[in-house]
Amino acid sequence: MASLRRRAVPYLLISPTVALIAAFLVYPIGSVAYYSLQNRNLTRPWADGFAGLENFRRMLFEDELFWQSLGFTAKWVVAEIGLQLLLGLALALIVNESFIGRGLARSLVFSPWAVSGVLTTGIWILLYTPGTGVLRFLGQPETAVLGNLDTVFPAVVVTELWRGVPFFAILLLAGLQGIPGELYEAAAVDGAGRVRRFRHVTLPHLRDAIVLATLLRSVWEFNNVDLLYTLTGGGPAQVTTTLPLYVAQRAIDSKDFGYGSALTMAGFVILLFFSLLYLRLSRFGEER
Amino acid sequence: MSTDVAIRPGRAHAPQNRSRRRPRPKRDRGRVLRLYVPLGLYLVFTLIPFYWMVVFAVRPSGSTTPVPWPITFEHFETVWNDIGYAVFFRNSVIVGVWSLLATTVLAVMGGYALSRFRFRGRSLFMVVLLCTQFIPGAMLLIPLFTIFKTLGLINNLGSLIVADTVFNLPLSVILMSGFISAVPFTVEEAAMVDGCTRLRAFLAVVLPQLRPGLIAVGSFAFIHTWNNFLFALMFVSRQDSFTIPVGLSYTIGEYSADFGALAAGGVVAAVPVVCVFAVVQRYLVTGISAGAVKG
């Protein structure tokens, strides 16, 4: 009896978490699958009913915005992750050195991590608006960078970099701190210069951290809706609409739950691929 | 300001009476190029947007000077009283604090189970926690809206507390189990041998040593909840239930000509997270790496 009670302890401890996850994460995923086969639009309740694969047919064969959003999602994630990896690695290497004021420098460069997507939008609108922004100091006084097809992509990428690089740097800094200092000393004794120490000591040890940070951040940028929703609203001409942003707009603005759910299923397929990759890699990391 | 702090050491401590170390000045120049120049540039990139927001918030409308003087608080009065940030702020604090408490308590329970017990289903639980990190709130807006409508929680801050807690939980549990594992089991065991129950041993011996973990997990939960925009936008449509991010998004839309109000609203939104960040940033590197990278 006593041993039965003791065996029940861990299950009791995790039960609230399991219940919450089941009710508000697992069940909703199941219901998305169900809705995706339905006509369901809050603004047109009389037309609700079973739709079969109609939503998917519309999505795959008639909805150009779906394919366009997939294309932009890929472009967005690749650009963001590539630049965040480069800048984040550089930043992590810099603040890993010892110098006076390092603690303060770290807090300052990491601080945008705590800023929300909406607040980032608010701040960068002030910077980008013609006449009031900072671009007039760079000789571009009249360009509305967010409304122009040529400039909107670099503008949103830079904005997200401001908020995204710190987290990448934090993840990589944690990896850097796990490298034993003796390795650098040994390499220096062997006559390895700065560049060779970086290539042969730092990079190999940082590999796992880089792979996992890249993967985590890719998923995060894929899912990132707040910033684009408020900064560009997916425009101009829908060129900055990612798939999750498209889903959110369907849910929030047009209340078309059936079709939005079909779009969500497409997103899940992509995320599932990333999750499996992540699980494989994180288990791979544990064994070593 | 901080670039001064960063640049000073190389010059201030230039070796003068140690003739043996001649190459030092040359190394210093390399260090300036390698370290302080890029760091200074990056600091400019990081800090100018913050500075710009503060400038807009404290200078009178119509002024375009980059250095505001004299400063005014009229924009703060506008957003706080007229636009209703006093209410948004109160709502955000309510949601943030309840979600922080719920997340922390549940994370301690779940983390303790993961760290101290080897039970059947443990690895399945871990896998579920890892995978749910990947589920975006934006994709679940539709079903969650339906659930909260059934529960009668639309336009109720309760829906935000529940939803934010659920999305904070997976990472928090993993983080907390890492912090609990760092407290050696032997101290707890010793207390139990002395006659404490498991719960009393935990409260008396483990909990006091868990302070960094509690601060880290609580702060992450608060920051995420404070910043969450889409749930509040979807589940709440009455203005007296708006949270700060929703209020800010309306300020962006409706007051797009009034940059003073937008900037002052931004400062109101930033102050609490900046304060929490100042507390938590010491644990950022260890905390995040324990949870997110190692799993």
Side-chain angles (χ1 to χ4, degrees), chain A residues 10 13-14 16-17 20-21 24-25 28 31-32 35 90-91 94 97 99-101 104-105 107-112 114 116-119 121-127 132 134 162 170-171 173-174 209 212 216 219 223 225-226 230 244 247-248 251-252 257 260-261 264 267 271 274-275 279 282, chain B residues 2 5-6 8-9 35 38-39 42-43 46-47 49 52-53 56 106 109-110 112-113 117 119 125 127-128 130-132 134-136 138-144 162-163 166 169 173 223 227 229-230 233-234 245 248-249 252 259 262-263 266 269-270 273 277 281 284-285 288-289 292-293 295:
Chain A
L13 288 173
I14 64 169
T17 302
L20 281 173
I21 288 178
F24 295 99
L25 282 170
S31 71
V32 164
Y35 287 140
L91 194 59
I94 288 170
E97 298 274 324
F99 53 87
I100 294 175
L104 180 65
S107 335
L108 290 176
V109 294
F110 290 163
S111 58
S116 70
V118 184
L119 181 52
T121 294
I123 292 174
W124 284 80
I125 278 182
L126 297 173
L127 290 162
T132 62
V134 287
W162 179 74
I170 292 166
L171 288 174
L173 181 60
L212 288 174
L216 275 175
V219 172
N223 291 337
V225 169
D226 298 15
T230 49
V247 172
I252 298 165
F257 283 13
S261 298
T264 308
L271 283 171
F274 278 111
S275 313
L279 278 181
S282 61
Chain B
S2 53
V5 180
R8 208 180 302 134
L35 206 61
L39 182 64
Y42 198 85
L43 275 170
T46 302
L47 296 180
W52 210 247
M53 172 173 75
F56 268 90
L106 293 178
M109 289 166 60
Y112 187 82
F117 294 94
F119 53 96
F125 184 55
V127 167
V128 170
L130 286 174
C131 284
T132 46
F134 282 178
I135 299 174
M139 300 275 221
L140 291 187
L141 286 175
I142 292 170
L144 285 175
V162 171
V166 169
L169 258 181
V173 172
I223 290 177
N227 286 345
F229 167 60
L230 286 176
L233 186 65
M234 184 83 186
L248 195 60
S249 79
I252 292 171
F259 289 123
L262 173 54
V273 280
F277 176 78
Q281 66 94 12
L284 259 179
V285 176
I288 286 183
S289 64
V293 178

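Throughout, protein chains are lettered first and strands after them, A, B, ... in sequence-line order, and every chain is numbered starting at 1. Fair warning: this is a prediction, and the values are worked out from it, not measured in the lab.
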Between [X] and [Y], which heavy-atom pair has the shortest distance, and what is it?
X      : Y      : answer
A:F24  : B:L140 : O-CD1, 4.3 Å
A:P16  : B:M109 : CG-CE, 3.7 Å
A:A251 : B:I142 : CB-CG1, 3.5 Å
A:V225 : B:A138 : CG2-CB, 3.5 Å
B:S249 : A:T230 : CB-CG2, 4.1 Å
A:S31  : B:P143 : OG-CB, 3.2 Å

Among [options], which residue has the highest count of heavy-atom pairs closer than 4.5 Å to chain A?
options                       : value
B:P49, B:G266, B:A163, B:C131 : B:P49
B:G110, B:A270, B:A113        : B:A113
B:V273, B:V166, B:V173        : B:V166

So for [X], is it side chain, backbone, both, or neither that comes closer than 4.5 Å to the heavy atoms of chain B?
X      : answer
A:V219 : side chain
A:I94  : both
A:S107 : both

N/O donor-acceptor pair under 3.5 Å between A:W162 side chain and B:T46 backbone: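 Yes, A:W162 side chain to B:T46 backbone: donor-acceptor pair under 3.5 Å.
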
Donor-acceptor contact below 3.5 Å, side chain B:N227 vs main chain A:A114: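 The answer is yes, because a donor-acceptor pair under 3.5 Å joins these two groups.
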
To the nearest 0.5 angstrom, please state how far the [atom1] atom of [X] sits from the [atom2] atom of [Y].
X      : Y      : atom1 : atom2 : value
A:D226 : B:L230 : CG    : CG    : 4.5 Å
A:L127 : B:F56  : CG    : CZ    : 8.5 Å
A:L13  : B:Y112 : CG    : OH    : 8.0 Å
A:I14  : B:F125 : CD1   : CZ    : 4.5 Å
B:L47  : A:L108 : CG    : CG    : 5.5 Å

A:L271/B:I135 under side chain to side chain contact (heavy atoms under 4.5 Å, CB included): CA gap, chis, key distance, verdict: CA-CA 8 Å; A:L271 283 171; B:I135 299 174; over 6 Å; no

Region of [X] that comes under 4.5 Å of a non-hydrogen atom in chain A:
X      : result
B:L248 : both
B:F119 : both
B:L35  : both

Residues A:L20, B:L106; criterion side chain to side chain contact (heavy atoms under 4.5 Å, CB included); working and verdict: CA-CA 10 Å; A:L20 281 173; B:L106 293 178; 3.6 Å; yes

Criterion side chain to side chain contact (heavy atoms under 4.5 Å, CB included) on A:S116 and B:F229, from CA distance to verdict: CA-CA 8 Å; A:S116 70; B:F229 167 60; over 6 Å; no

All side chain to side chain donor-acceptor pair (under 3.5 Å) counterparts of A:Y35, not counting sequence neighbours: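 For A:Y35, the residues satisfying side chain to side chain donor-acceptor pair (under 3.5 Å) (neighbours in sequence not counted) are B:T146.
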
Among the listed options A:V32, A:T121, A:T17, the residue most often paired with chain B at heavy-atom distances under 4.5 Å: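 Going by pairs under 4.5 Å, I would pick A:T17.
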
Student check: side-chain heavy atoms of A:L119 and B:M53 closer than 4.5 Å: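 Side chain of A:L119 against side chain of B:M53, heavy atoms only: contact under 4.5 Å found.
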
